[in-house]
Protein chains: 2
Amino acid sequence: MNRKTAWQISFHASAELHNGGPGAHRAMTTVARSSRYRRQSDTGLSRMEIMEGAALCFEAHGYSATSIDEVAARIGSTKGRVYHHYASKAELFLDVYRTGMTMIFEAIEPYLEAELPAVDRLRSVLKAHVLCVIRTKPFQNVVSQGVDMLRHGTMPAKEHAELAHLARLRDAYSDHFLTVLEQARAEGAIDYRNIKIALNSVFMCINGPIVWFTPRDNQSLEDIDLLAEECVLYAIRLLGVTDERPARTHPRPTHEGATA
Amino acid sequence: MNRKTAWQISFHASAELHNGGPGAHRAMTTVARSSRYRRQSDTGLSRMEIMEGAALCFEAHGYSATSIDEVAARIGSTKGRVYHHYASKAELFLDVYRTGMTMIFEAIEPYLEAELPAVDRLRSVLKAHVLCVIRTKPFQNVVSQGVDMLRHGTMPAKEHAELAHLARLRDAYSDHFLTVLEQARAEGAIDYRNIKIALNSVFMCINGPIVWFTPRDNQSLEDIDLLAEECVLYAIRLLGVTDERPARTHPRPTHEGATA
DNA sequence: ACATGAACATACTGTAGAGTATGTTGTCAA
DNA sequence: TTGACAACATACTCTACAGTATGTTCATGT
């Protein structure tokens, strides 16, 4: 149970911390914890570990059906630890939400300014989006829930500040796609009627894996890549493109300057 | 608040009762209730009214964040009435779930056996699906939640019987689409790689309105029809169809034999 | 015309879980 | 080395409901 293949998230054991804050540059490798209690400087790692557990729980039963005790149990801990890092369940949720947004933002960013025809840029961005969605599925699921909660005006409230900020982030993300769509149409490469409906349909397609994707332990990175490629293909076709060449993405934007 | 345009659900005031049972053939028009208490034979209507309120609440906050008191309040009633008709919150949810499934099943059924090329049958079925989704949005949202709960093994349990039945229904529905897809491909009209991914993508598109559609009070039936047509267009394009002629659907399968 | 039971409303109980208060263990700076 | 504080664990409180028990109103068969 709870198996995890290599390409899936396990950010508390990786070098990528999206929260900034102290401890963000630590622990390149997972060190077996010596003591029961963690060092002060690792608070960033601790928060990320909590968020991963929370994301998995939220994904499984949704926000309100998830108890803090369950989140704690999932990472072999207790309430105390969670409430030491987060003031409330809502704050934890919002942090997962924001982190998920940051992840996918950073995933597509390298491809937004490429010197390519708009359609090809679109292809690249969509591909990057889908790959990120698959890798960080629990987080993106929480993002979906968050968007839904905004839409329905639900939400524990009280943290309207962070909420509004996240809403603006979401809009900014969406706007990037709107822009590329308009450019691609101007270049005569794609076609749609109502751009909002078109964009929504594209999003439904490329976010599909959030709902229907189930990791199989025998599938390789290439399998995942093919799967993502197919999602992109359908999303692009939907816009009236008949040309079938694959998306152009770098193997993986590498942050480490280390030599292989 | 809580405005409702003509084409939206209000089944307790319509002749269509999907639960069978006594009272299913009653009350063609909404009669202002004379008394505080309802007639015995109207239990079917009462249940449908409860289900509508429940569907709206479930759609707004999800299953576990919805309280029975809230559902009751929404229809200007109290807990007592809900628990008189349903043994538990889970049973209520499942009834909404099943009713939603029945609705969309009945919506597409008339088009499944049409003597047409598979693509055109597909077009008709998709169109009928989208139109139904829009008209019965809260119910279809609950269906989505139900499918999710099945997927994650969540669910109040105890009612495994009804649960398994609903799962089979869902599969049967999906199978209809699988069949049409295979036929259309055999006829050389559409194209896909992995049929599961293709089908999932199609479903994401045509179920999109469950998520992003918001009823505007100035939009007419024709507006809705155009919107649905556009959704179908994208879903069809996604399968490699370039031909743009619209779906062929009867105005609305009419159950009443009455003269206009 | 009355008795029975359906269709509710009202009043209560029990509990899960969010949040808190406090105790315990280790770190680290001086 | 020690004391102050971060990082937790443990034990508690308090409230929002799910579910129940009971009371009230009316319809309907006899």
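These numbers come from the heavy atoms of this one structure, side chains and all, not from hydrogens, waters or symmetry mates. Bear in mind the structure is a predicted one, so any value in this text is a computation, not a measurement.
Under 4.0 Å is where a charged nitrogen must lie from a carboxylate oxygen, and between B/Glu49 and B/Arg74 no such pair does.
Rounded to whole angstrom, the span from the OH atom of B/Tyr83 across to the C1' atom of C/dT13 amounts to 13 Å. To the nearest angstrom, C1' of C/dT20 lies 16 Å from CD of A/Glu91. Atom P of nucleotide C/dA16 and atom NZ of A/Lys79 are separated by 12 Å, given to the nearest angstrom. One can place OH of B/Tyr86 at 12 Å from P of C/dC8, the figure rounded to the nearest angstrom.
Taking side-chain N and O atoms only, A/Ser46 has no distance below 4.0 Å to OP1 or OP2 of D/dA7. Remark: B/Ser88 is not in phosphate contact with D/dA18, judged by side-chain N or O atoms under 4.0 Å from OP1 or OP2. Between B/His85 and C/dC8 there is a side-chain polar atom (N or O) within less than 4.0 angstrom of OP1 or OP2. Within the 4.0 Å cut-off from OP1 or OP2 of C/dA7, at least one side-chain nitrogen or oxygen of B/His84 is found.
With C/dA7, C/dA18, C/dA9 as the choices, the nucleotide that has an atom nearest any side-chain atom of B/Arg81 turns out to be C/dA9. Among the nucleotides C/dG17, C/dA9, D/dA9, the one closest to the side chain of A/Asp69 is C/dG17.
In summary, the side chains of A/Ser88 and A/Glu91 do not present any donor paired with an acceptor at a separation below 3.5 Å, with no hydrogens or angles considered.
Using a 4.0 Å heavy-atom distance criterion, A/Ser67 is classed as a sugar-phosphate-only contact. Within the 4.0 angstrom heavy-atom criterion, only backbone atoms of the sugar-phosphate kind lie near A/Thr66; the bases stay farther away.
Here the two rings, on B/Phe139 and B/Tyr97, have centers that are 6.0 Å apart or farther. With ring centers used as reference points, A/His129 lies under 6.0 Å from A/Tyr173.
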